[in-house]
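All remarks here apply to the structure that follows.
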Amino acid sequence: MRIYNTLSRKKEKFIPLEPGKVKIYVCGPTVYNYFHIGNARTFIFFDVVRSYFTYRNYEVTYVQNLTDIDDHLIEQAIKEKTSVPEIAEKYIAAFFADISQLGVKKADHYPKATEYIGEMLDMIEKLAEKGLAYEVNGDVYFSVDSLTSYGRLSGKKLEELRVGARVEENLQKRNPADFTLWKKAKEGEPRWPSPWGEGRPGWHTECVVMSRKLLGETIDIHGGAVDLIFPHHENELAQAEGISAKPFVRYWMHGGFLNIGGEKMSKSLDNFFLARDVVKKFDSEVLRIFFLSKHYRSQIDYNLDLIGESEQALHSLYMLLKDLDYLRIMDKRINYTEEVLESKNEFLAAMDDDFNTARSIAVLFDITRKARQYYNQQNPVYEEYLHMLVELGQVLGLFQNLAIKLKTDWDSYSNDLIALLVKYRDKFKEEKNWEMADQIRNDLRSIGIELQDTKEGTIWKSLK
RNA sequence: GGCGACAUCGCCAAGUGGUAAGGCAAGGGUCUGCAAAACCCUCAUCCCCGGUUCGAAUCCGGGUGUCGCCUCCA
């Protein structure tokens with residue numbers, strides 16, 4: 001397997017720290033709001049990463065954090081006239097509900113920032129002891145000048161950051177690029193005691209602490225979208241390197257944005273659609289096809305017409321499974337022949353190459369065509385292809401709850417069908433075609449449905 | 001201003017030196033009383049200019065255009 005590593009800007013051979021095991025940490029949501037469909041793209045992609053490693057027989061430990069204390073939560077609590085913990089609780093529940101709707105499987109751990117305050121303080125103290133952090137008026141900052149390697153993940157040079165047009169003005173900081181490790185509490189804000197007075201942790205500390213605690217000092221993959229490279233991941237790396245000589249992350253993976261109208265979708269630009277709303281309009285698997293049809297590091301434009309195309313594409317996959325009656329052979333044990341395994345190998349090759357899902361989906365469609373051809377030729381190899389299609393599709397998170405989806409739910413039609421017959425009978429009655437009207441009533445009775453003409457119209461009862 | 005990414009059929013999108021995957025749409029056909037659905041078939045030389053090479057969408061240089069990061073943000 002090869003994975004593009006943001007740190008080296010190259011695809012690198014994937015070698016896990018421990019053979020057969022993969023430790024993945026993906027930055028999760030700050031729970032002050034519902035997440036949008038752009039966030040969902042990242043969650044879905046890493047769901048596939050995890051799923052693929054599992055398929056390749058790796059033992060995966062997947063951690064995603066929940067940031068439940070920061071400025072946004074405090075603001076939102078004021079806006080909603082409630083407390084920070086209640087905001088956190090509300091949007092954590094919403095987060096889980098939404099990822100479930102998206103068909104994203106749960107991570108192994110969801111550490112919350114507020115549960116690791118003690119560990120964060122320990123780390124900040126260690127950084128201070130090493131001269132990498134300093135306190136001013138109850139705030140503690142990380143001193144970027146103390147670390148020569150600062151900027152290597154994002155490819156930034158400190159001098160450039162200094163002259164950059166948009167560096168925040170803060171006279172307390174020795175260097176404007178210094179970032180907050182501990183923030184002094186203002187009146188009425190949530191607070192924890194610390195050696196520097198009451199306050200709360202800065203954002204970048206939690207991920208280092210929780211990652212090290214749950215996965216160890218060195219993890220295999222740390223993920224997120226590109227906007228996290230700087231400053232968030234750069235700052236995480238700085239702290240981790242300040243604390244330990246061991247490498248923090250072996251492979252940094254960053255996904256591209258979901259754009260809208262050619263522009264990045266973001267909460268601050270107010271041009272976003274909430275995932276929970278989008279998933280009401282489109283099946284979660286349609287969204288998967290839509291996202292995975294393009295490489296994860298590319299930008300994707302959110303466009304309803306394009307999602308409609310994905311809907312068509314997914315539909316054709318399901319039509320194949322229905323037409324060729326996959327349900328009938330679902331439980332059949334299959335020994336794949338060489339030819340079918342070749343398709344699998346193509347799929348694996350695509351995924352092994354930095355998770356090229358666009359290519360792996362193309363393999364799915366190739367399989368579809370072959371299955372159909374063999375079926376038309378009445379060659380039983382089609383059964384193998386069908387099984388392979390489902391097996392590989394499920395690695396991408398497609399074909400969830402297949403048995404239910406493929407089964408025709410006649411119950412849901414019965415009311416409508418009887419209503420339809422009643423309507424036709426009414427039409428005949430209107431035309432005084434009593435023969436046809438009576439025949440409908442008699443035929444229905446013969447299959448156990450009795451029509452009764454009342455003042456309110458025709459009702460029906462089951463005789464069974 | 002600094003740094004980076006991208007530009008492939010009508011649309012979306014793979015392909016990183018050996019002669020252009022796949023999806024959607026479109027056209028033709030099969031089926032049908034007519035349709036719909038489904039199925040089969042067809043459909044690109046890769047933004048521009050120059051260079052390297054036996055050979056480039058793929059490498060190098062120069063344009064043009066789009067986007068991102070440098071600020072909280074997946």
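Below, chains carry the letters A, B, ... as their sequence lines are ordered, and counting in each starts from 1.
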note: A:Asn271, atom CG; B:rA74, atom C1'; distance rounded to Å ~ 13 Å
(message) Using OP1 and OP2 only, check whether a side-chain N or O of A:Lys322 sits under 4.0 Å from B:rA38.
(response) no
Scoring nucleotides 26-34 of chain B by protein non-hydrogen atoms under 4.0 Å (B base, S sugar-phosphate only, - none) yields ---------
Does the plane of the ring in A:Phe53 sit parallel, tilted or perpendicular to the ring in A:Phe355? Use 30° and 60° as the thresholds.
perpendicular
What interatomic distance, in whole Å, is found between P of B:rG62 and the corresponding atom of B:rG4?
13 Å
Separation of B:rC40 atom P from A:Asn376 atom CG, nearest Å, is 7 Å
Once you apply a heavy-atom cut-off of 4.0 Å, does A:Leu258 come out as touching a base, just sugar-phosphate, or nothing?
base
The correct set of residues in residues 225-239 of chain A placing a heavy atom under 4.0 Å from RNA chain B is A:Ala225, A:Asp227, A:Leu228, A:Phe230, A:Pro231
To the nearest angstrom, the CD1-C1' distance between A:Ile260 and B:rC67 comes to 15 Å
- Do you see a donor-acceptor pair shorter than 3.5 Å between the side chains of A:Glu391 and A:Tyr55? yes
- Could you tell me whether A:Arg372 contacts a base, only the sugar-phosphate backbone, or nothing, with contacts defined as non-hydrogen atoms closer than 4.0 Å? sugar-phosphate
Residues 80-92 of chain A vs salt bridge (charged side-chain N to carboxylate O under 4.0 Å, His left out), sequence neighbours excluded, gives A:Glu80-A:Lys90
Residues at least two apart in sequence or cross-chain that pass side chain to side chain contact (heavy atoms under 4.5 Å, CB included) with A:Ser414, listed by chain then number, are none
**Report entry** Rounded distance in Å between the P positions of B:rU30 and B:rA44
**Finding:** 24 Å
Residue set satisfying ring pair (Phe, Tyr, Trp, His ring centres under 6.0 Å) with A:His232, at least two apart, ordered chain then number -> A:Trp203, A:His204
Taken in chain and number order and not counting sequence neighbours, the residues that satisfy side chain to side chain contact (heavy atoms under 4.5 Å, CB included) with A:Ser51 are A:Val395
Applying the 3.5 Å cut-off to both distances, the Watson-Crick or G-U partner of B:rC47 turns out to be B:rG63
Assert: residue with more 5' nearest nucleotide on RNA chain B, out of A:Asn259 and A:Gly256, is A:Asn259
Taken in chain and number order and not counting sequence neighbours, the residues that satisfy ring pair (Phe, Tyr, Trp, His ring centres under 6.0 Å) with A:Phe142 are A:Phe179
Is there a side-chain contact between A:Ser266 and A:Phe257 in this structure, where contact means two heavy atoms from C-beta onward sitting under 4.5 Å apart?
no
Ring centers of A:Phe290, A:Phe282 separated by less than 6.0 Å: no
The side-chain hydrogen bond (donor to acceptor under 3.5 Å, both in side chains) partner of A:Thr67 among A:Lys112, A:Glu206, A:His72 is A:Glu206
Whole-Å distance, A:Gln377 CD to B:rC40 P, equals 11 Å
- request: Measure from NZ or CZ of A:Lys156 to the centre of the six-membered ring of A:Phe230, then state whether that distance is under 6.0 Å and the direction lies within 45° of the axis.
  value: yes
Atom CD of A:Glu311 and atom P of B:rA25 are separated, to the nearest Å, by 12 Å
Query raised in the report: What distance, rounded to whole Å, do you find between the two C1' atoms, one in B:rG22 and one in B:rC60?
Result: 31 Å
Answer for the Watson-Crick or wobble partner of B:rG1, both distances under 3.5 Å, is B:rC70
**Study point:** Separation between the P atoms of B:rG27 and B:rC48, rounded to whole Å
**Key:** 29 Å
Residues 379-407 of chain A vs ring-ring contact (aromatic ring centres under 6.0 Å, His included), sequence neighbours excluded, gives A:Tyr318-A:Phe399, A:Tyr326-A:His387, A:Tyr374-A:Tyr385, A:Tyr375-A:Tyr382
Per the under-4.0 Å heavy-atom filter, residues of residues 25-33 of chain A near RNA chain B come out as none
- Could you check whether A:Asp323 gets within reach of a base, just the sugar-phosphate, or nothing at all, counting any heavy atom under 4.0 Å? sugar-phosphate
Tell me if a side-chain donor or acceptor on A:Asn65 pairs with a main-chain N or O of A:Pro111 at a distance below 3.5 Å. no
| message | Using the P atom as the point on both nucleotides, what is the distance between B:rA20 and B:rC40, in whole Å? | response | 24 Å
Paired to B:rU32 by Watson-Crick or G-U wobble criteria (both distances under 3.5 Å) is none
note: A:Leu153, atom CG; B:rC69, atom C1'; distance rounded to Å ~ 12 Å
From OH of A:Tyr318 across to C1' of B:rG23 the rounded distance in Å is 17 Å
- request: Sticking with atom P, work out how far B:rU53 lies from B:rU42, rounded to a whole angstrom.
  value: 39 Å
A:Phe365 has its side chain closest, among B:rA74, B:rC24, B:rG22, to B:rG22
Quick note, salt bridge (charged side-chain N to carboxylate O under 4.0 Å, His left out) partners involving residues 350-377 of chain A, not counting sequence neighbours, are A:Arg2-A:Asp353, A:Lys11-A:Asp353, A:Arg56-A:Asp352, A:Arg297-A:Asp354, A:Asp323-A:Arg372, A:Asp353-A:Arg359, A:Asp366-A:Arg369
- Any side-chain donor paired with an acceptor under 3.5 Å for A:Tyr150 and A:Asp145? no
Q.
Please give the distance between the P atoms of B:rC49 and B:rU58 as a whole number of Å.
A. 13 Å
Q) Are the ring centres of A:Tyr91 and A:Tyr32 closer than 6.0 Å? A) no
When both distances are under 3.5 Å in a Watson-Crick or G-U wobble arrangement, the nucleotide paired with B:rA26 is B:rU42
Exercise. Look at the side chain of A:Ser154 against the base of B:rC69 and say whether a donor-acceptor pair falls under 3.5 Å; ignore hydrogens and angles.
Key: no
inquiry  = By the 4.0 Å heavy-atom rule, please label A:Gly255 as base, sugar-phosphate, or nothing.
reply    = nothing
Whether each nucleotide of nucleotides 8-21 of chain B has a protein heavy atom under 4.0 Å at its base (B), only at its sugar-phosphate (S) or at neither (-) is summarised, 5' to 3', as ---BSSSS-----B
For B:rU52, the nucleotide meeting Watson-Crick or G-U wobble distances (both under 3.5 Å) is none
Taken in chain and number order and not counting sequence neighbours, the residues that satisfy ring pair (Phe, Tyr, Trp, His ring centres under 6.0 Å) with A:Tyr4 are none
note: A:Lys10, atom NZ; B:rG4, atom C1'; distance rounded to Å ~ 17 Å
* Asked: Given the C1' atoms of B:rG29 and B:rG68, what is the spacing between them in whole Å?
  -> 47 Å
Assign each of A:Arg9 and A:His315 the nucleotide of RNA chain B bearing its closest heavy atom; nearer the 5' end lies the nucleotide of A:Arg9
